[in-house]
Every structure is written in structure tokens, then in C-alpha cells.
Amino acid sequence: MDSTPAPAAAAAETPTTAPAFEDCLRLLRGERDEQKLAGLLVAANLCRAGDAASVVEVYRAVGPRFLRRLLNTGLGKVEGGKEEDREAYLRLSVTVLSGLARFPEVAADEGVVSTVPLIAEIVSKSSDLAITEECFELLSLIAIASDGGAHTFCEPGVMDMLFLQISNFPDGSRCLELAIHLMQLLVHKIRIDNMTVEKLQGMTSMVTSLARLFAVLHTTVKFESLHMLTALLSQKESPLHDALRSVPSMIWKYQIRVGITAVLQNRVVSSEKLQALLLAECMMSILGENWLSEEYKVPDDQNMMPVDKFVLLVLESARIEVSVLLNELAYLKYESSKNSQRDDAISQKERNLAILFSLIERIIKMISNASSGEGAVCQTIRESTIMKAITGLNETVGLVLDFLQDAKDHGQRKGDDLLAAVRIVGSYLAEAPYACKEKIRHLLEFIFSVEGQDESSSFHSICFMLPMLSQITMEADGCRILASFGGYKMVIDCLIKMIEQNGMMIDTGNMFLACDTIINFLSNMKNAHIQMGSCFVGLLKALVSWTGTADDSSVIITASCLCTLVLDLTTEEFLLSSSDFDSKTLEKLSKLIARSLHQGIPDDDIEQSNQKQIILSGKYYTLFNINWKKEKKSSHLICYRLQEVV
């Protein structure tokens, strides 16, 4: 299409074109179709050379209803039309609409926007590449002009008609270029939030079309498709994710795997491999970790990589990129000179590292499920593959710990990259708590101090380590590591904060892990003379608050068990002498322990049974038993309450 002429040029043409323009308008406003058609033949040339005001006037003169009727006639949807005239009508209607739509005011008009499904139908049926090219140009103009125009492409069937045959366009053709350009426009312009179910189906059609292109093409279109897929699928909590989960066909999932395999196996720049790994992370996020190891039965799958090799390919590619990024980040942060370009480079690498860490976390979960025999994944991955994956993960976590050691040596404990490093270490140690034991022994205190860039405490770092801590504190050596730097106090403070924020998106699973860690610690360190500090007083108050209205036996028994162990460290007199602890709190504490004695425990719940045994072994319950047998009233409030209840 020619660009709009400059005002001076347009003015120069006005004297000679004014009569022709008026004649054109007169024909377009005529009552007979023959007049309008004659006017359109003239208008097709005027639209290319005319100014915006003239084009708008032409559009209003002909009217959208006639243009739609002309399109329908070309598509054979109007009775009485001659077969031999259809292509001419199609050419004329598309050419005129393309000329009109060069001006945003026209392209955004509801009458033009409403033609999108008809233009898409022409694309799906026409064998003439020239018409198809002009259709894609017209559709791009409509998509650019308004948000309403872009969202019209999501109407049922439109995406399928437009994009199902893209892979059949000749490589390097203008049609393919224009079709990809239109898809890129739609990907970046369409807002998926609050879409109707019908329009979401249109977006799923776009994803499945892109998946096919990503799998079968081996040109720059493969990478353009990859970028569009990651842009669509990386949106967090998008309604598109639910729509994709309900797509009955498995082929698109398989095609994305084929495309990822091709990118990771070939010599491509690192940025494209990162995009492929991001896409793998998106797929695992949407469909679950087992997408990576799922066996797909699809026709013509002779070129599909075996599941075991695919899992290792993705993991090894991610591990290589992580190793490179950790080295580059360490150099930029601690050795290079400071400037704005350096800061931008650090930010970009931190974002890439976060993507890779998220992917590896999901692989850790998938490998854990395979190792424990959970789900279908254990049937598709060989044990030798699992062992190779674990070996690789061990090496990568070791590199991450070296990165943290480097930060410690340089006095750096604040940064989102450091927090992400702590998280990936915590995720792995949750499944292999004794891996990298010596490095963890020397780094745990530093890990407990790591903060995100915009955070004022190390709360999240401690939370990330809780799954590992709850396991290593089952043994005395793990407790000694925690005691060596007062880490147990930090876990207590973390638990208190979680209880205070309960109901504000705090994971209750972490609350129980923190409780288990402290219970293990106090049980295994009875002979270590742990001092009753202010953190324990705060913990008792928090536990009373947590269980105030709870009726879950696991909450009541866990909290009561922890209270019992803390009370064994002190006396009622000491507690009441504390400025922030009063007799009302002590009474609530007494009632909590009494409540726990009446909680039923499932026969197969070994953990709750063990916790109840700790409660029964506590000094106040023992003292109550002695007084009760001697029929004596106890002077201790806790024992007195037990006597009242039992």
C-alpha cells in the first residue's frame, strides 16, 4: 500500500480530482447496486491517493451494509450471484476495504470491524495468494486501529480460519510474513483478563496454531512462534491456562515438546534457548510437572525424542545456562566497574536466572514424584535417568551454594538473586536434606540472613529452609547446627510472624514445618540447657492466639505439644514475672493443654500420637498426676485446670 500523501501534494491534486471525487460519491449514494459498484471501482483508486477526510466520506457514502453484502456475494452466500463474478466481487470488496482501513477512523468503525469473520473465511477458502495477502493486510489494519477490533479475532472460529493453514504457506512468502505479523499484533494487543469462555476458545486456537508452527517450521518463524507462545503462556494466573487444560487434543502439547527439543538440540544463541526453557517452565506450570515426562501417543511420532532423553535434555540445558549466568552475575556484581549498563545487565540476568530456577524446582518435584513412585511419571522414567538427574541436580545446587558463599565473602546478603538461590537450595534439600551437608553447615547462618531486594527481614529465606530443617533436626547433629548460631530463635520468630499473619496468604504447611523443627530441637536438646528467653515467651503467646478458635486436632495437639516442651524450660513464676505475659495468657495456655487431652487421634497418625505422648510426659501433666492420685489440690494454675477438666 502507498503511504498517505503529504498535505501539499494532496492540495495540489484537489483541483483536478474534485469533480471525479464528487462523481464517485454520487455513484456510491445511488440506489442501484450497479451505481454503487461503479462508484467502488473509482473509489478503489481514490482511497489510495486521498486524504483522511475524503476516505471517511467515501466510507460513509457506500456504507458498511453494502460492503458486507459484497463480501457475502463473493463468498457465494447471496442467492442469484453468478459463479464467474464471485472472485471479482471478492477482489473489489477486499481492495476497497483495505484502502478505506488505511485510516484508523475507518478501520475502528464497527461496520469494518464486523467484517473480520468474513475476511477470515476468505483467507480459509481462497487459493489466490494475492487475495490472501490483501486480506492479512486489511486484518492487521483493523487489529491496530482499536482494542475492539483486536478482540473480534477471538470470536468463535475466526482464529481457526485464519491460522490453521499458515504452515502450508511457502517459506519466505509474503503471505507467511503478513500472517505472522498479524499474530504478533494480536498477542501483544489482546487482553485475556475477563474474557468470555467463547473468546478464550479463540485464544486456545491461536496457541495450538502457534504450537504447530513451532514444531514443523525450521525458519525464523519457529523462533517468532516461540516468542509468541512464551508471551501468551507466561502470564500469571491467566484464564487462558484453564482453557488450555480443557483442550481435548494432546497434539499441541506434543508439538511444543518437539519444538523445544529442536531448539535445545541445535546450535542457537543462548537467548533462544532461554526462551525454549521458559516455555518448558510455562507448560509445567499450566499442565503440571508431569508434562515433562508424559508419554504422548500421536500419529507420525517417529521423530519424537524418548521421554528419558527429553527430561535430561531440558535439565542439562537449564543447568548449563544456570552455570553461565551464576558466573556472569558474580563477575558483574563483584569485579566489574559500576555503571548503568552494568546494572541493566545484572537485572536481565537475574530475571533469566529466576526463570531457570523455577524450571529446575519443577523438575525437582517431578523427579521426587518419580523416585517415590507417585502417579504415572514413575512408569515413563527409568531409574538410571532418575539417578543421572539427581547427580546433575547435586552439581547445580553445589554451584548455587558457591554463589551464596561468594556473596557472603563480599558482604552481600540482600538481593532477589540471592533470595532465589536460597529458594532453589531449599527446594532441593527438602527432597535430599543431607545433600551438600558440609557446605550447608558453613552457610546456614548466612542463608538465614539473606533478604530480597525490597524486604526488611530474612523471613522468606528461613521459610524456604523449613522443609529441610524439619528433617535434619530429627537428629542431634542437625539440632547442634541450628544451635551453633542461635538459628532456633530465628525459626521461632519466623513462626510467630506466620501466626500473626495467618489468613494473609501464609502457607499453613510452613507453620507446621516450623512447629516440627522447634519440637524436634527441644526434644533432642533437653540436656543442652537451652535458656528460656523472650522468644519462647512470645511463642507461647502466639500459640495461644493460633489455637483460640481452632477445632482442627492437628493444630491443637501440635501447639499443645510445643507449649509443653517450652513450659518444661521454665516455671509459672518466671512467666508471670515477664512484663508481656499475664495470668490470663497462662490460663488460656492451661486450657489449651487440657483441650489437647480430649482430642481424638486417627489410629494411623503416628506424628500426633508421638506429640500427645510428649504432652503426657510434660512436667505439669506429671505433677497433676501425682496430686490427683494423692487427692490434693495443686498450687500450679496449669495443674489446677487439668484437675478441673480431666
Side-chain angles (χ1 to χ4, degrees), residues 214-215 222-223 226 229-230 253-285 287-296 303-330 349-371 377-378 380-403 417 420-421 423-425 427-429 431-432 435-436:
F214 184 44
K222 177 184 285 291
F223 299 107
L226 169 60
L229 283 167
T230 55
K253 304 174 190 177
Y254 152 79
Q255 288 170 330
I256 285 183
R257 182 184 290 182
V258 170
I260 289 173
T261 301
V263 173
L264 297 182
Q265 273 190 314
N266 288 288
R267 292 185 177 181
V268 299
V269 294
S270 179
S271 59
E272 300 296 358
K273 289 196 173 186
L274 278 168
Q275 285 286 308
L277 292 169
L278 170 57
L279 182 55
E281 194 279 335
C282 292
M283 293 296 286
M284 294 175 82
S285 173
L287 303 173
E289 285 77 15
N290 290 352
W291 168 82
L292 193 67
S293 58
E294 195 169 347
E295 195 86 64
Y296 292 112
N303 296 322
M304 188 170 182
M305 177 178 279
V307 166
D308 289 87
K309 288 186 177 180
F310 181 65
V311 169
L312 292 177
L313 174 65
V314 172
L315 176 58
E316 290 306 304
S317 300
R319 289 182 59 239
I320 290 169
E321 297 298 327
V322 164
S323 177
V324 171
L325 282 171
L326 289 176
N327 284 330
E328 291 176 345
L329 269 174
K349 292 182 188 302
E350 285 178 345
R351 287 192 291 272
N352 292 339
L353 192 63
I355 292 166
L356 294 168
F357 279 169
S358 180
L359 172 61
I360 291 175
E361 273 192 74
R362 296 186 185 282
I363 294 175
I364 289 169
K365 186 173 181 180
M366 186 270 293
I367 293 295
S368 175
N369 291 341
S371 301
V377 64
C378 63
T380 58
I381 301 183
R382 294 194 297 267
E383 187 174 348
S384 60
T385 301
I386 294 173
M387 295 310 298
K388 287 179 183 177
I390 291 172
T391 300
L393 289 168
N394 260 323
E395 291 177 4
T396 297
V397 170
L399 291 176
V400 176
L401 289 170
D402 290 341
F403 179 70
D417 56 334
R423 174 170 174 154
I424 190 72
V425 168
S427 294
Y428 184 62
L429 295 180
E431 307 299 338
C436 310

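- When all heavy atoms of Val307 and Leu292 are compared, the closest pair comes out as CG1-O, 4.4 Å.
- Scored by the side chain to side chain donor-acceptor pair (under 3.5 Å) test, Ser270 finds Glu321 as partners (sequence neighbours excluded).
- The nearest pair of heavy atoms linking Ala280 to Val314 is CB-CG1, 4.5 Å.
- Gln275 places none of its side-chain heavy atoms less than 4.5 Å from the side chain of Val263.
- Residues forming a side chain to side chain donor-acceptor pair (under 3.5 Å) with Thr385 (at least two apart in sequence, or on another chain): Asp308.
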Please output the side-chain donor-acceptor pairs of residues 390-397 that fall under 3.5 Å, not counting sequence neighbours, one pair per line with the distance.
{"unit_1": "Thr391", "atom_1": "OG1", "unit_2": "Met387", "atom_2": "O", "d": "2.9"}
{"unit_1": "Asn394", "atom_1": "OD1", "unit_2": "Tyr428", "atom_2": "OH", "d": "3.1"}
{"unit_1": "Asn394", "atom_1": "ND2", "unit_2": "Tyr428", "atom_2": "OH", "d": "3.4"}
{"unit_1": "Glu395", "atom_1": "OE1", "unit_2": "Arg319", "atom_2": "NH2", "d": "2.6"}
{"unit_1": "Thr396", "atom_1": "OG1", "unit_2": "Arg319", "atom_2": "NE", "d": "2.7"}
{"unit_1": "Thr396", "atom_1": "OG1", "unit_2": "Gly392", "atom_2": "O", "d": "3.2"}

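- A pairwise comparison of heavy atoms in Ile256 and Met283 identifies CD1-SD, 3.7 Å as the closest pair.
- Contact check for Met366 versus Trp291: no side-chain heavy atoms found under the 4.5 Å cut-off.
- For Lys349, the salt bridge (charged side-chain N to carboxylate O under 4.0 Å, His left out) partners are Glu328, not counting sequence neighbours.
- The side chain to side chain donor-acceptor pair (under 3.5 Å) search around Glu289 returns Arg362, not counting sequence neighbours.
- Side-chain contact between Phe357 and Arg423 is absent, with no heavy-atom pair separated by less than 4.5 Å.
- Considering only heavy atoms from C-beta on, Leu279 comes within 4.5 Å of Leu226 through its side chain.
- Closest approach of Ala276 to Leu264, counting heavy atoms only: CB-CD2, 4.1 Å.
- Of all non-hydrogen atoms in Leu312 and Ala389, the two that sit nearest each other are CD2-N, 4.1 Å.
- In this structure, the side chains of Asn352 and Leu278 stay at 4.5 Å or more apart for every pair of heavy atoms.
- No donor-acceptor pair under 3.5 Å is formed between the side chain of Ser285 and the backbone N or O of Glu281.
- The two residues Lys222 and Ala215 make their nearest non-hydrogen contact at NZ-O, 3.7 Å.
- None of Asn327, Leu326, Val425 except one satisfies the side chain to side chain contact (heavy atoms under 4.5 Å, CB included) rule with Phe403; the exception is Leu326.
- Within the 3.5 Å criterion, the main-chain N or O of Leu313 finds a donor-acceptor partner in the side chain of Ser317.
- Under the rule for a side chain to side chain donor-acceptor pair (under 3.5 Å), the partners of Ser427 that lie at least two apart in sequence or sit in another chain are Glu361.
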